[in-house]
Amino acid sequence: MAERSGRGNPLLDRHGEALDLFTERVHAIRPDQWDEPTPCSEWTVRDLVNHLAVEQMWVPPLVREGRTIAEQGDSLEGDQLGDDPVAAWDEAATAAREAFTAPGALERTVELSFGETPAAEYCAEITIDAAVHAWDLARAIGADERIPKPLVDFSVRAVAPYAAELEKSGMFAAAVEPPSGADAQTRLLALLGREA
């Protein structure tokens with residue numbers, strides 16, 4: 001899949017790279033792999049793709065429409081992938097990309113579960129999540145596990161200041177000690193509780 005630019009904005013460039021990376025992995029899933037386990041405990045491949053798809057589905061109402069989580073309600077709960085999970089992912093990723101690349105989108109404020117957040121910060125969080133979950137998905141389906149260096153470097157810089165708090169959120173496993181001489185990708189994965 002051709003990489004799409006964020007029009008020279010480094011954050012949008014990384015976001016586009018992360019979506020492209022995850023999209024490549026989704027398109028590599030064989031029909032018999034959707035129920036396979038992933039490095040994310042208790043998540044199958046389908047659960048993981050659904051998690052990322054739902055994350056993208058939240059972007060248009062929050063960023064473009066200025067809705068709150070309460071206003072959105074529970075419409076995005078449960079499995080949103082339907083009978084064609086690849087198409088559902090593609091549609092969600094395209095809509096999220098369009099919402100974030102709209103003029104002025106990154107200057108807005110969005111209301112997340114933990115309060116008002118700059119849209120740029122929200123975009124960074126989603127970018128990191130897509131990049132790391134692309135690794136999870138690749139590991140689950142036996143695909144290329146490499147994350148592009150600019151995306152790794154961006155994610156390490158963004159995650160390092162609050163890595164110790166991530167486990168407390170319940171969304172990440174405890175950080176693990178990376179091996180001596182580990183590369184940047186391995187260090188990123190270790191910060192997020194994964195052993196490469």
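One-based numbering along the sequence shown.
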Does either side chain, that of Thr44 or that of Asp47, offer a donor lying less than 3.5 Å from an acceptor on the other one?
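Per modelled atom types, Thr44 and Asp47 side chains form a pair under 3.5 Å.
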Ring pair (Phe, Tyr, Trp, His ring centres under 6.0 Å) against Trp89, all qualifying residues, sequence neighbours excluded
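Trp89: ring pair (Phe, Tyr, Trp, His ring centres under 6.0 Å) contacts with Phe22.
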Heavy-atom pair of closest approach, residues [X] and [Y]:
X: Glu111; Y: Leu62; result: O-CD2, 3.8 Å
X: Ala99; Y: Val59; result: CB-CG1, 3.7 Å
X: Arg25; Y: Ala134; result: CG-O, 3.8 Å
X: Ala53; Y: Ala92; result: O-CB, 3.6 Å
X: Val54; Y: Gly78; result: CG2-O, 4.3 Å
X: Ala131; Y: Ala18; result: N-CB, 4.1 Å

More than 12 non-hydrogen atoms from neighbouring residues, nucleotides or ligands closer than 6.0 Å to CD on Glu65, yes or no?
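Yes, the 6.0 Å shell around CD holds more than 12 heavy atoms from other groups.
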Is it true that Arg97 and Asp20 have a side-chain N and a carboxylate O under 4.0 angstrom from each other?
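Yes, Arg97 and Asp20 are salt-bridged.
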Selection residues 78-87 - residue pairs positive for salt bridge (charged side-chain N to carboxylate O under 4.0 Å, His left out), sequence neighbours left out:
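Pairs touching residues 78-87 that pass the test: Arg46-Asp79.
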Any idea how His51 and His133 line up, ring-wise: parallel (<30°), tilted (30 to 60°), or perpendicular (>60°)?
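Ring orientation, 0 to 90° scale: perpendicular.
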Parallel, tilted or perpendicular: which fits the ring planes of His15 and Phe100, with parallel below 30° and perpendicular above 60°?
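Perpendicular.
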Show the numbers, then the answer: is there a side-chain hydrogen bond (donor to acceptor under 3.5 Å, both in side chains) between His27 and Asp90?
CA-CA 9 Å; His27 282 257; Asp90 287 347; 2.9 Å; yes
So how far is it from [X] [atom1] to [Y] [atom2], rounded to the nearest 0.5 Å?
X: Phe154; Y: Asp13; atom1: CZ; atom2: CG; answer: 10.5 Å
X: Tyr122; Y: Thr117; atom1: OH; atom2: OG1; answer: 9.5 Å
X: Cys123; Y: Asn9; atom1: SG; atom2: CG; answer: 8.0 Å
X: Arg108; Y: Leu106; atom1: CZ; atom2: CG; answer: 9.0 Å
X: Leu48; Y: Glu36; atom1: CG; atom2: CD; answer: 13.0 Å
X: Arg157; Y: Leu188; atom1: CZ; atom2: CG; answer: 11.5 Å

Suppose we screen for side chain to side chain donor-acceptor pair (under 3.5 Å). Which residues come up paired with [X], at least two apart in sequence or across chains?
X: Asp32; value: Arg30
X: Thr109; value: none
X: Thr186; value: Asp183

Would Leu19 and Thr94 satisfy side chain to side chain contact (heavy atoms under 4.5 Å, CB included), going step by step from the backbone distance to the final call?
CA-CA 9 Å; Leu19 289 183; Thr94 297; over 6 Å; no
Are any side-chain N or O atoms of Thr38 and backbone N or O atoms of Trp43, one a donor and one an acceptor, separated by less than 3.5 Å?
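At least one qualifying donor-acceptor pair exists.
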Hey, does the side chain of Asn50 reach the backbone of Gln80 with a donor-acceptor pair shorter than 3.5 angstrom?
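Confirmed, Asn50 side chain pairs with Gln80 backbone.
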Which residues pass the salt bridge (charged side-chain N to carboxylate O under 4.0 Å, His left out) test with Arg187, not counting sequence neighbours?
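With neighbours one apart ignored, the set is empty.
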Using the rule given for side chain to side chain contact (heavy atoms under 4.5 Å, CB included), can you reason through Ile141 versus Val45, listing the C-alpha separation, both sets of side-chain angles and the distance that settles it, and then say yes or no?
CA-CA 8 Å; Ile141 66 172; Val45 166; 4.1 Å; yes
Less than 4.5 Å apart, side chain to side chain, heavy atoms only: is that true for Glu125 and Leu112?
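They are in side-chain contact.
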Mind checking whether Leu137 and Leu52 have side chains closer than 4.5 Å, heavy atoms only?
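A side-chain contact is absent here, since even the closest heavy-atom pair is not under 4.5 Å.
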Would Trp135 and Leu21 count as a side chain to side chain contact (heavy atoms under 4.5 Å, CB included) if you check the C-alpha gap in whole Å, the side-chain angles of each, and the deciding distance to 0.1 Å?
CA-CA 9 Å; Trp135 179 88; Leu21 184 66; over 6 Å; no
Step by step, would you call Ile126 with Gln56 a side chain to side chain contact (heavy atoms under 4.5 Å, CB included)?
CA-CA 8 Å; Ile126 285 183; Gln56 307 317 309; 3.7 Å; yes
